[in-house]
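What follows is a short report on a single structure.
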Amino acid sequence: MRPPDDDVDRIERALGWRPVTFRSATPDRGESATAARWIVGGAGGRGRSAFVKIGATTRTADWTRTEARNYAALSGSFLPVVLGFDDDGSRPALALEDLSDGAWPPPWTTAAVGAARDALAAIHATPPPAHLTPIDWADEWGWPFVAEDPAPFLSLGLCSGSWLDNALPALIDAAAAAPLGGPALIHGDIRGDNLCVRDGRAIVIDWNHATIGNPDFDVAAWLPSLAADGGPLPESILPDAPELAAWVAGYFCAHAGLPSVPDAPHVRPLQLAQARTALPWAARALGLPPP
């Protein structure tokens with residue numbers, strides 16, 4: 001399988017050389033009509049390869065442009081090498097170094113967790129680019145949204161209706177007090193499929209959600225997926241953070257039961273996996289009974 005010829009042309013413009021081999025970078029969603037992700041190789045056995053993503057809808061094209069802009073404004077050991085970008089106004093193509101030889105969690109080894117924490121520390125110490133804005137993720141997409149219509153969340157089977165009724169006041173109050181704001185560069189979407197470890201260094205991809213805020217929020221948003229993938233419990237890395245635990249749990253619990261996102265059909269299953277670990281974390285942090 002290979003991209004359409006016009007996408008091959010876009011990849012060539014981004015890279016400066018024409019690929020002749022193509023392999024889906026994400027077999028479960030690499031050939032989606034909404035976005036294409038490929039590992040491409042050059043001719044002549046020269047060992048050239050690259051990862052390329054192409055935005056195919058308005059939303060994924062905007063994500064790709066945003067990510068390219070963020071890469072252009074950032075530098076650091078936590079970033080992949082950017083090989084090129086092409087935007088014809090229709091389907092932008094972003095080319096990065098081929099990281100398929102890296103270790104992509106899970107499993108999360110002790111070394112991988114340490115590398116990810118080091119990368120987060122380096123991200124948070126990096127001055128934010130001037131074009132980024134402070135975090136502005138509306139709280140109505142958390143527990144207040146669940147309180148207004150609990151059916152989508154309860155359909156997930158993560159707790160009983162009576163548990164939710166009893167816990168909601170504490171969850172809403174704690175999440176409302178969560179310290180999201182701050183001066184640091186934050187990635188906003190750290191997960192195992194958004195980073196790899198190579199030569200002891202974590203390399204972080206998918207920078208279209210970058211913003212400015214509290215670095216602890218970035219860590220808190222990562223921890224449910226870490227636990228879901230067999231890593232340590234959230235409180236072993238971020239203890240004494242009940243407000244952030246409640247906010248993160250509210251975000252995943254409010255979203256996981258909603259209809260699938262056509263541009264990103266993998267998102268709801270990922271959010272459900274994170275809700276399964278975030279909700280018990282919030283309950284433990286707030287001293288609530290287990291859901």
Side-chain angles (χ1 to χ4, degrees), residues 1-43 48-76 78-100 123 126-138 185-189 191 193-195 203-212 255 259-268 270:
M1 182 174 292
R2 55 171 281 153
D5 288 343
D6 56 350
D7 277 355
V8 177
D9 293 340
R10 292 182 175 94
I11 295 170
E12 180 180 11
R13 292 196 298 269
L15 286 171
W17 50 270
R18 191 167 186 84
V20 296
T21 64
F22 304 89
R23 173 170 58 88
S24 173
T26 49
D28 59 335
R29 51 191 168 99
E31 301 85 13
S32 166
T34 62
R37 299 163 185 253
W38 302 94
I39 302 295
V40 303
R48 288 196 297 189
S49 65
F51 165 82
V52 183
K53 65 165 64 173
I54 299 174
T57 67
T58 299
R59 180 181 291 184
T60 58
D62 286 345
W63 288 342
T64 304
R65 294 184 182 104
T66 297
E67 185 173 8
R69 184 183 187 191
N70 289 336
Y71 280 132
L74 290 168
S75 63
F78 49 84
L79 292 169
V81 175
V82 179
L83 301 178
F85 178 65
D86 175 77
D87 189 359
D88 61 2
S90 174
R91 292 166 64 95
L94 175 63
L96 306 175
E97 65 176 314
D98 178 7
L99 296 171
S100 45
I123 290 168
T126 299
H131 69 270
L132 291 184
T133 57
I135 187 170
D136 183 22
W137 294 354
L185 169 69
I186 60 176
H187 177 272
D189 196 21
R191 302 190 308 261
D193 59 339
N194 278 344
L195 67 84
I203 302 172
V204 182
I205 62 169
D206 282 6
W207 279 86
N208 54 296
H209 294 296
T211 184
I212 301 171
H255 284 77
S260 178
V261 180
D263 295 284
H266 62 291
V267 164
R268 297 298 184 227
L270 285 173

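Here the CG-CH2 distance, from Leu94 to Trp63, works out to 14.5 Å after rounding to the nearest 0.5 Å. Taken to the nearest 0.5 Å, the CH2 atom of Trp207 stands 9.0 Å off from the CG atom of Leu132. Atom CZ of Arg37 is separated from atom CZ of Arg23 by 14.5 Å, given to the nearest 0.5 angstrom. Atom-to-atom distance recorded for Ile135:CD1 and Ile212:CD1 is 10.5 Å, nearest 0.5 angstrom. Atom CG in Asp193 sits 6.5 Å away from atom NE2 in His266 (nearest 0.5 Å).
Closest approach of Ile11 to Pro19, counting heavy atoms only: CG2-CG, 3.7 Å. Closest approach of Thr126 to Leu185, counting heavy atoms only: O-CB, 3.5 Å. The nearest pair of heavy atoms linking Ala93 to Ile54 is CB-CG1, 4.0 Å. Here the closest heavy-atom approach between residue Asn194 and residue Asp189 is recorded as ND2-O, 2.7 Å. In terms of heavy-atom proximity, Ala25 sits nearest to Ile39 at CB-CG1, 4.1 Å. Residues Thr211 and Pro134 approach most closely at OG1-C, 3.5 Å, considering heavy atoms.
Within the 4.5 Å cutoff, the side chain of Val20 has no heavy atoms near those of the Arg18 side chain. A 4.5 Å side-chain heavy-atom check between Tyr71 and Ile205 finds at least one atom pair inside the cut-off. Side-chain contact between Ser100 and Phe51 is absent, with no heavy-atom pair separated by less than 4.5 Å. Counting heavy atoms from C-beta on, the side chains of Thr64 and Arg91 never come closer than 4.5 Å. Contact check for Leu15 versus Arg48: no side-chain heavy atoms found under the 4.5 Å cut-off.
His187 and Asp206 form no side-chain donor-acceptor contact under 3.5 Å, judged by distance and modelled atom types alone. There is no side-chain donor-acceptor pair under 3.5 Å between Asp88 and Ser90.
Note: Phe22 and Trp38 have perpendicular aromatic rings, judged against thresholds of 30 and 60 degrees for the angle between ring planes.
His255 is linked by a ring-ring contact (aromatic ring centres under 6.0 Å, His included) to Trp141, Tyr251, counting only residues two or more places apart in sequence or in another chain.
A side-chain donor-acceptor contact under 3.5 Å links Arg268 to the backbone of Pro259. Using a distance-only test at 3.5 Å, with no hydrogens or angles considered, no donor-acceptor pair links the side chain of Asp86 to the main chain of Arg13.
Ion pairing of Arg65 with Asp62 is present here, as a side-chain N (NZ or NE/NH1/NH2) and a carboxylate O approach within less than 4.0 Å.
Of the candidates Ile203, Leu195, Asp98, Val204, Ile203 is the only one forming a side-chain contact (heavy atoms from CB on, under 4.5 Å) with Pro80.
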**Derivation and outcome, side chain to side chain contact (heavy atoms under 4.5 Å, CB included), residues Lys53 and Leu96** = CA-CA 9 Å; Lys53 65 165 64 173; Leu96 306 175; 5.7 Å; no
